[in-house]
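Throughout, residue positions are numbered sequentially from 1 according to the sequence presented.
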Amino acid sequence: MNVLAITIADPETGSTKYRVHQYRDLLAENGMSLATVRRHAPREEFLARVAEADVVLNQKCLLGSRRGRCIWRRTNRVLFDFDDAIYTRPGRPRSLPTRLRVYLRMRYWLRRSMVVVAANEYLATYARRFARRVEVIPMGLDLDAWSPAAEKLAGRVVVGWAGAPVNLPRIESLGPALQRVVRRHPNVEFRVYSGGCPQLPFPFTHVPYAPGTEPEFVRQLDIGLLPLTDEEHSRGKSPIKSIQYLACGVPVVGNVMGATHEICTPDSTIAVGQGTAEWESAICSLVEDPERRRRLGAAGRQHVLPRFCAHANGALLLRLLREIGS
């Protein structure tokens, strides 16, 4: 069976990596050839890929009617997958005409696809307004690669954040709170893992992004930070960073809203509001209590194991593709 994935980004980018490319070997082992094409690929390349496909997996690309018709003329065996609230956007709202266009395209793909796959129940609830069949496949990780460290740095408490450059303003907004934490606790070291370097008012360690190095960065943390903005786009997210922290036995301090409740439970996470004083208090409480850090981290790992395992979730995707392609 030839599966074509229409992807929103390159293979190493967030959701495209974890929703599509990490399952390539699993599909191949089960007789499925996975080809990919970017949503903005030249028309000739796009049409050639679609012509070869038995099943189309659309990875949250709200394609216009012209490219949509190219697909439906070839096959109605379409799976639409989305892992965040693509019907809105972070920050300033779109103009009214653009909001209407996005809404109509979202409804178009949800209604016409044989199966819609959402990354969490929050998004699945939205999709059920329009789709005939909705399944939930959570974000998945290779839990052998993402595992707790055998030992941590003695005498140091490493607080950290990992994220894409586009999200640097989120960690920068915590600069004053983090500065106060570092002043109160000289044994705290703050680290950032990102393709960009934030502007923060105190010394910290910046670890540049490099493929394959992120698990080692995360497992050396003692506390992982998850700052989110309070808006609909964030409520639809299944933040992969939170899953990565917990998979490595790292307790989380963060904003917990919407779908994040499905990942960050009270047993593994200290939930905070938007105020910097809450962040300072929560981080300091964990810095001062190593036993609580250990307990929250262990609970987080146990929560992740049955729910966010790439092997198990890949098997769910494989089953759906088989059903659609049969």
If hydrophobic clusters are built from ILVMFWY residues whose side chains come within less than 4.5 Å, do [X] and [Y] share one?
X	Y	value
Phe82	Val55	no
Leu57	Met139	no
Ile270	Val250	yes
Ile243	Leu226	yes
Val78	Leu318	no

Within the 3.5 Å criterion, strictly below it, is a donor on [X] or [Y] matched to an acceptor on the partner's side chain?
X	Y	result
Thr16	Thr13	no
Asp83	Ser238	no
Arg307	Asn313	no
Glu12	His21	no
Lys60	Ser15	yes
Thr229	Ser234	yes

Short question: side chain of His206, backbone of Gly196 - any donor-acceptor pair under 3.5 Å?
yes
I'd like to know if the side chain of Ser268 and the backbone of Pro251 have a donor-acceptor N/O pair within less than 3.5 Å.
no
In Å, rounded to the nearest 0.5 Å, how long is the span from [atom1] of [X] to [atom2] of [Y]?
X	Y	atom1	atom2	value
Asp81	Asn58	CG	CG	8.5 Å
Thr7	Lys17	OG1	NZ	14.5 Å
Ile86	Met106	CD1	CE	4.0 Å
Thr205	Tyr193	OG1	OH	14.5 Å
Gln244	Leu221	CD	CG	10.5 Å

How would you list, by chain and number, every residue that makes a side chain to side chain donor-acceptor pair (under 3.5 Å) with Arg294, sequence neighbours excluded?
Glu291
Give the C-alpha distance, both sets of side-chain angles, the deciding distance and a yes or no for side chain to side chain donor-acceptor pair (under 3.5 Å) between Asn30 and Arg322.
CA-CA 10 Å; Asn30 287 274; Arg322 280 175 170 163; 3.0 Å; yes
Please table the atom pairs, donor to acceptor, closer than 3.5 Å between any side-chain atom in residues 40-53 and protein atoms at least two apart or in another chain.
none

Salt bridge check: are Glu135 and Arg133 linked by an N-O gap of less than 4.0 Å?
yes
Got a salt bridge between Lys237 and Glu262, using NZ or NE/NH1/NH2 to carboxylate O under 4.0 Å?
no
So Trp109 and Trp72, would you call those rings parallel, tilted or perpendicular, with 30° and 60° as cut-offs?
tilted
Has His311 got more than 12 heavy atoms of other residues, nucleotides or ligands less than 6.0 Å from its NE2?
no
Apply ring pair (Phe, Tyr, Trp, His ring centres under 6.0 Å) to the pair Tyr87 and Tyr103, showing each step before the final yes or no.
CA-CA 6 Å; Tyr87 47 85; Tyr103 169 79; 9.6 Å; no
I want to check something: taking the side chain as every heavy atom from C-beta on, are Leu286 and Val253 in contact at a cut-off of under 4.5 Å?
yes
Heavy-atom closest pair, residues Cys264 and Ser242:
SG-CB, 3.7 Å
Check the pair Val157, Glu189 against side chain to side chain contact (heavy atoms under 4.5 Å, CB included), reporting the backbone distance first and the verdict last.
CA-CA 6 Å; Val157 179; Glu189 177 185 344; over 6 Å; no
Arg235 and its side-chain hydrogen bond (donor to acceptor under 3.5 Å, both in side chains) partner, picked from Asp84, Asp230, Thr260
Asp230
